[in-house]
Enquirer: 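Encoded as structure tokens, here's the structure I'll be asking about.
Everything numeric in this text was worked out from a predicted model, so none of it was measured.
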Amino acid sequence: MLLRNRLLFTSIFLSPSPSPSPSPSPSLKPQPLTFPTSTTPKPTLHVSSASKTTPILEKDRSVLVVPPGIDLDEVTQDMVLPGSNIVIGPYAGDAKIKEVVFVKSSSRAKDCPQHDRPEFAILGRSNVGKSSLINALVKKKDVALTSKKPGKTKLINHFLVNKSWYIVDLPGYGFAKAPEAARMDWSAFTKGFFLNRDNLVAVLLLVDASVPPQRIDLDCAIWLGRNNIPVTFVFTKCDKVKGGKGKRPDENLRDFKQFIAENYKQHPPWIMTSSVTGLGRDELLLHMSQLRNYWDQ
């Protein structure tokens, strides 16, 4: 049952197929998103009459991720999570985190806890702000270890949330001071987790919006797609503005989203966040509740 649900969910949110012809740039061409017809009642949205009728331009509709139970033609601006391309539908539920408990650290994927609850894996470069985001989501400062030294997380850490689902803190990839051999082993270590977790709802792939798109992030996104792993892009540090000649976060986001447009037939979910200001925290949790409730039906 878990495997069947996982495969159904993956086919909905990210179904890669080989590119028809060679390209000088990395190519990943998932199939268009399709959803089964849902008989679940549509959510009651308490919004003003003006926002109910706010139109969405056709070019903006093409990048939206629309959940089951919602027709694209019915989507209005108030149904889209701020700072994202994610439409909220009938599967979105209680997103509050009331309790979080550390369960286990594992040095190998096969040693991870065995259970039937949904999991969200959090992945990103070693200095992307992964631990800070986890702490912000659960509103506790010491749940995930934060450090000024990239690569501090070296194990797979499981946290049980509300006694019903898991946040999985994965080791960061690509920290510069690690030898090449260690970086390769790190990659294989993490990939083994993705390929053997039937209850993995989605990977939250963290991308630093304060710097231009990094090759290692693009390669990771491509690998996840080719291996049929559901992914949501979570842009971090959206509050930061670099001095000098550095690009602003909105410019870096534009460049990364251009990569998505060039390599995906249909956009995967993405959302902007900041652990400092709290930007996107509630919206990300609501998105996770929607994915979780659909997976768990």
Enquirer: Under the 3.5 angstrom rule, does the side chain of S106 hit a backbone N or O of R108 as a donor-acceptor pair?
Expert: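 Here the side-chain-to-backbone pair does not exist.
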Enquirer: Does a side-chain heavy-atom distance below 4.5 Å link K130 with I122?
Expert: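 A side-chain contact under 4.5 Å exists here.
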Enquirer: Going by heavy atoms in the side chains, are V101 and F159 under 4.5 Å from each other?
Expert: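 No; the side chains remain at least 4.5 Å from each other.
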Enquirer: Taking atom types as modelled, is there a side-chain donor on S164 or N162 under 3.5 Å from an acceptor on the other?
Expert: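 N162 and S164 do not have a side-chain donor-acceptor pair below 3.5 Å.
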Enquirer: For L253 versus A209, what's the shortest heavy-atom pair and its separation?
Expert: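 Smallest interatomic distance, heavy atoms only, reads CD1-CB, 3.0 Å.
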Enquirer: Report yes if the side chains of L206 and L133 come closer than 4.5 Å at any heavy-atom pair, otherwise no.
Expert: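 Yes, close enough: below the 4.5 Å cut-off.
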Enquirer: In Å and rounded to the nearest 0.5 Å, what is the CD1 to CG distance from I156 to L170?
Expert: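 So the gap between those two atoms works out to 6.0 Å.
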Enquirer: With no hydrogens and no angle check, do the side chains of D239 and T277 hold a donor and an acceptor under 3.5 Å apart?
Expert: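 Looking only at side-chain atoms, T277 and D239 do not form any donor-acceptor pair under 3.5 Å.
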Enquirer: Could you give the distance from CG (L284) to CD1 (I86), rounded to the nearest 0.5 Å?
Expert: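 If I round to the nearest 0.5 Å, the distance is 7.5 Å.
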Enquirer: If you apply the rule ring pair (Phe, Tyr, Trp, His ring centres under 6.0 Å), what do you find for F102 with H158, and how did you get there?
Expert: CA-CA 6 Å; F102 170 74; H158 273 75; 9.3 Å; no
Enquirer: Do the side chains of K96 and D94 get close enough for a salt bridge, i.e. N-O under 4.0 angstrom?
Expert: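 Here K96 does not pair with D94 in a salt bridge, since their nearest N and O are not under 4.0 Å apart.
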Enquirer: Indicate the atoms forming the closest heavy-atom contact of Q290 with V87, along with that distance.
Expert: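 For Q290 versus V87, the nearest heavy atoms are NE2-O, 3.2 Å.
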Enquirer: Quick check on side-chain contact (heavy atoms from CB on, under 4.5 Å): which of I229, V231, V128, T232 does L205 satisfy it with?
Expert: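 The passing option is V231.
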Enquirer: Examine distances only and state if a side-chain atom of N199 and a backbone atom of R117 form a donor-acceptor pair shorter than 3.5 Å.
Expert: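 The answer is yes, because a donor-acceptor pair under 3.5 Å joins these two groups.
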Enquirer: Please give me the minimum heavy-atom distance between W270 and N85, naming the atom from each residue.
Expert: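 Answer, listing the atom of W270 first, then N85: N-OD1, 2.8 Å.
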Enquirer: Test L72 against E74 for side chain to side chain contact (heavy atoms under 4.5 Å, CB included), laying out the working first.
Expert: CA-CA 5 Å; L72 180 59; E74 298 176 351; over 6 Å; no
Enquirer: Hey, are H287 and S84 close enough side-chain-wise for a donor-acceptor pair under 3.5 Å?
Expert: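 There is no such pair between these side chains.
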Enquirer: Given salt bridge (Lys or Arg N to Asp or Glu O under 4.0 Å), test D219 with R215 step by step and report yes or no.
Expert: CA-CA 6 Å; D219 289 343; R215 180 73 261 171; 3.1 Å; yes
Enquirer: With E119 as reference, evaluate V168, V203, I167 under the side-chain contact (heavy atoms from CB on, under 4.5 Å) test and give the passing residue.
Expert: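 The single option meeting the side-chain contact (heavy atoms from CB on, under 4.5 Å) with E119 is V168.
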Enquirer: Given V161 and Y166, is the side chain to side chain contact (heavy atoms under 4.5 Å, CB included) satisfied, shown in steps?
Expert: CA-CA 6 Å; V161 182; Y166 282 86; over 6 Å; no
Enquirer: Is S105 reaching over with its side chain to a backbone N or O of N157, donor-acceptor style, under 3.5 angstrom?
Expert: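 It does not hold such a pair.
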Enquirer: Under 3.5 Å, side chain of E251 to main-chain N/O of R248, donor-acceptor pair present?
Expert: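 Yes: the side chain of E251 pairs with the backbone of R248.
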Enquirer: How close do C112 and R197 get, counting heavy atoms only, and between which atoms?
Expert: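 Result for this residue pair: CB-NH1, 3.5 Å.
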Enquirer: Please step through side chain to side chain contact (heavy atoms under 4.5 Å, CB included) for the pair C220 and L123, ending with a clear verdict.
Expert: CA-CA 10 Å; C220 183; L123 177 68; 3.6 Å; yes
Enquirer: Just wondering, do R292 and F120 contact through their side chains at under 4.5 Å, heavy atoms?
Expert: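 Yes, side chains in contact.
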Enquirer: With the side chain counted from C-beta on, respond yes when V75 and V80 share a heavy-atom pair under 4.5 Å apart, and no when they do not.
Expert: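 The answer is yes; the side chains approach within 4.5 Å.
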Enquirer: With a 4.5 Å heavy-atom cut-off, do Y91 and Q297 have their side chains touching?
Expert: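 Answer yes - side chains close enough.
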Enquirer: Look at the side chain of K104 and the backbone N and O of D111, then say whether any donor-acceptor pair between them is shorter than 3.5 Å.
Expert: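 It does hold such a pair.
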Enquirer: Given side chains that start at C-beta, do those of Y173 and D217 come closer than 4.5 Å, heavy atoms only?
Expert: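 They are in side-chain contact.
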Enquirer: What pair of heavy atoms forms the shortest contact from P213 to D255, and how long is it?
Expert: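 So the two residues come closest at CG-CB, 3.8 Å.
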Enquirer: When you measure from the side chain of R281 to the backbone N and O of T273, does any donor-acceptor pair fall under 3.5 Å?
Expert: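 It does not hold such a pair.
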Enquirer: Please evaluate residues I97 and K140 with respect to the criterion side chain to side chain contact (heavy atoms under 4.5 Å, CB included), reporting the C-alpha separation (whole Å), side-chain torsions for both, the decisive distance (0.1 Å), and the verdict.
Expert: CA-CA 11 Å; I97 291 183; K140 292 186 178 181; over 6 Å; no
Enquirer: Could you tell me which non-hydrogen atom of P82 sits nearest to which non-hydrogen atom of E283, and how far apart they are?
Expert: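 Result for this residue pair: CD-CG, 3.8 Å.
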